[in-house]
Amino acid sequence: MMVFHPKRDKWLIIKDCLLILALLVGAVASLLTMYEPLWQRVLIAGMLVLASIYFLFGSFNLRYIIQDYYLHVASVLSNEKIAIHKITRIRKADDFFSRKGLSLNRIEVVYGEDKVILLFPKDKKGFIDELIAINPHIKVDERLFRTFS
């Protein structure tokens, strides 16, 4: 079993922490307002607290596990299991707006019937080498090789 941790860009962590703080401030503000009925204020505050918990655990507790010919993308909120023999291609992800996670330095893993998942392992070379060791038919974008040297 190999465990890879995600790369974390500090400025994105700061942005996510500010988002969580804004959600919690919004929850407190909704409780303190007197213009709405209490049940609506509690409902809004509860939804904002749940949203902040979702961002907190979804972003900060992520890991990639390669075990038994499967890639597990695991966090507290989800656990996606991808058969490594179904991975066809790994390429550099360039789309800024598809940001999902804590880094802009991401890779796209294409598997199955053109399914794509964005990943951002800290040790990209080691991660890709492990996948290729299990499935040597994976095509790797040449731009990724340039970033390793």
Side-chain angles (χ1 to χ4, degrees), residues 1-31 40 42-149:
M1 175 172 76
M2 293 289 297
V3 178
F4 293 90
H5 297 281
K7 182 177 185 336
R8 301 178 193 286
D9 292 345
K10 288 183 174 109
W11 72 276
L12 288 174
I13 292 173
I14 292 168
K15 182 195 72 69
D16 284 350
C17 288
L18 289 174
L19 174 66
I20 291 167
L21 181 63
L23 289 169
L24 294 175
V25 167
V28 170
S30 71
L31 286 174
Q40 285 180 346
V42 170
L43 179 67
I44 291 170
M47 289 187 325
L48 291 172
V49 168
L50 288 175
S52 65
I53 290 170
Y54 173 80
F55 278 109
L56 181 66
F57 287 115
S59 296
F60 292 102
N61 190 25
L62 181 66
R63 62 200 179 287
Y64 311 117
I65 303 167
I66 297 174
Q67 180 182 20
D68 299 329
Y69 304 103
Y70 285 93
L71 168 62
H72 300 268
V73 180
S75 73
V76 171
L77 301 172
S78 68
N79 186 13
E80 191 161 350
K81 185 175 175 181
I82 300 167
I84 294 173
H85 74 275
K86 290 187 176 185
I87 296 175
T88 58
R89 191 174 44 210
I90 300 173
R91 60 186 177 219
K92 186 174 181 184
D94 291 325
D95 186 9
F96 176 79
F97 294 105
S98 64
R99 182 222 171 265
K100 186 177 185 181
L102 296 173
S103 177
L104 292 175
N105 191 3
R106 331 175 272 286
I107 59 175
E108 290 181 347
V109 174
V110 181
Y111 63 99
E113 297 293 322
D114 291 328
K115 294 180 182 176
V116 176
I117 186 166
L118 290 173
L119 306 176
F120 37 94
K122 190 183 294 184
D123 178 13
K124 277 196 283 191
K125 182 173 179 0
F127 179 75
I128 292 171
D129 287 347
E130 280 295 318
L131 293 175
I132 290 174
I134 295 170
N135 179 0
H137 301 291
I138 297 173
K139 294 178 184 168
V140 179
D141 186 357
E142 290 181 21
R143 293 182 302 161
L144 284 173
F145 289 123
R146 283 185 258 149
T147 61
F148 297 151
S149 22

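Here the side chains of Phe127 and Lys122 are not in contact, with every heavy-atom distance at 4.5 Å or above. Residues Val3 and Tyr64 fail the side-chain proximity criterion, which asks for heavy atoms closer than 4.5 Å. Annotation: side chain of Ile87 is not in contact with side chain of Ile134 (no heavy-atom distance under 4.5 Å).
Among residues two or more places apart in sequence or in another chain, the side chain to side chain contact (heavy atoms under 4.5 Å, CB included) test is passed with Asp129 by Lys125. Under the rule for a side chain to side chain donor-acceptor pair (under 3.5 Å), the partners of Glu80 that lie at least two apart in sequence or sit in another chain are Tyr111. A search for side chain to side chain donor-acceptor pair (under 3.5 Å) contacts involving Arg91 returns Glu108, not counting sequence neighbours.
Remark: Lys7 is not positioned above the aromatic ring of Phe120, lacking an NZ or CZ atom under 6.0 angstrom from the ring centre and at most 45 degrees off the axis.
When all heavy atoms of Ser30 and Ile44 are compared, the pair lying nearest together is CB-CG2, 3.8 Å. Nearest approach of Ile84 to Leu71, heavy atoms of both residues: CG1-N, 3.7 Å. Across Ile65 and Ala74, no two heavy atoms sit closer than the pair CD1-CB, 4.4 Å. Taking both residues in full, the closest heavy atoms of Ala45 and Ala27 are given as CB-O, 3.5 Å, listed atom of the first, atom of the second, then distance.
With Ile90 as the fixed residue, the side-chain contact (heavy atoms from CB on, under 4.5 Å) test singles out one of Val110, Asp141, Leu131: Leu131.
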(message) The test is side-chain contact (heavy atoms from CB on, under 4.5 Å); show your working for Leu118 and Ile107 and say whether it passes.
(response) CA-CA 6 Å; Leu118 290 173; Ile107 59 175; over 6 Å; no
